[in-house]
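In what follows, residues are counted from 1 in the order of the sequence shown. It should be emphasised that the depicted structure is a prediction, and the values quoted were computed from it without experimental measurement.
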Amino acid sequence: MSWRSMFTDHPASVGETYGQHMVSASGFAVRMFLGGAACLVHALLPFLFEKTGSTMITRLYDRMVTNRHRMSQSTAEPSMGAVARRVR
């Protein structure tokens, strides 16, 4: 495996350049960090951020699955949000 391919193979597999993948993954990281921080605050003060963590997870999952399916043009699998809406 070449040095170049270590940085380009995975981004290419999801239809992105290295730079596009870095921006996308960084956006996920920031949102995950903020969602985690909200969960920590909620652990101490349960009346705050009651749904923030689960909402963040659902949105991130939907975004990742939507982007994956848009790139592959395959049959869409149900998102966590769709599953959660059906369960209610």
Please lay out, stage by stage, how S2 and S5 fare under the test side-chain hydrogen bond (donor to acceptor under 3.5 Å, both in side chains).
CA-CA 5 Å; S2 72; S5 68; 3.2 Å; yes
Report the residues that fulfil side-chain hydrogen bond (donor to acceptor under 3.5 Å, both in side chains) with T17, sequence neighbours left out, ordered by chain and then residue number.
Q20
Cluster link W3 to M22, ILVMFWY, side chain under 4.5 Å:
yes
Are any non-hydrogen side-chain atoms of M1 and D9 less than 4.5 angstrom apart?
yes
Using distance only, find each side-chain donor-acceptor pair of residues 27-47 under 3.5 Å and give its atom names and separation, not counting sequence neighbours.
unit_1: R31; atom_1: NH1; unit_2: G27; atom_2: O; d: 3.1
unit_1: H42; atom_1: ND1; unit_2: P46; atom_2: O; d: 3.2
unit_1: H42; atom_1: ND1; unit_2: L48; atom_2: O; d: 2.8

Enter the distance from T55:OG1 to L60:CG here, rounded to the nearest 0.5 Å.
11.0 Å
Mind jotting down which residue pairs meet the ring-ring contact (aromatic ring centres under 6.0 Å, His included) criterion with at least one end in residues 4-25? Sequence neighbours excluded, please.
F7-Y18, H10-H21
Using the side-chain contact (heavy atoms from CB on, under 4.5 Å) rule, take R63 and S24 through it: C-alpha gap first, then chi angles, then the decisive distance, then the call.
CA-CA 10 Å; R63 182 174 163 206; S24 179; 4.3 Å; yes
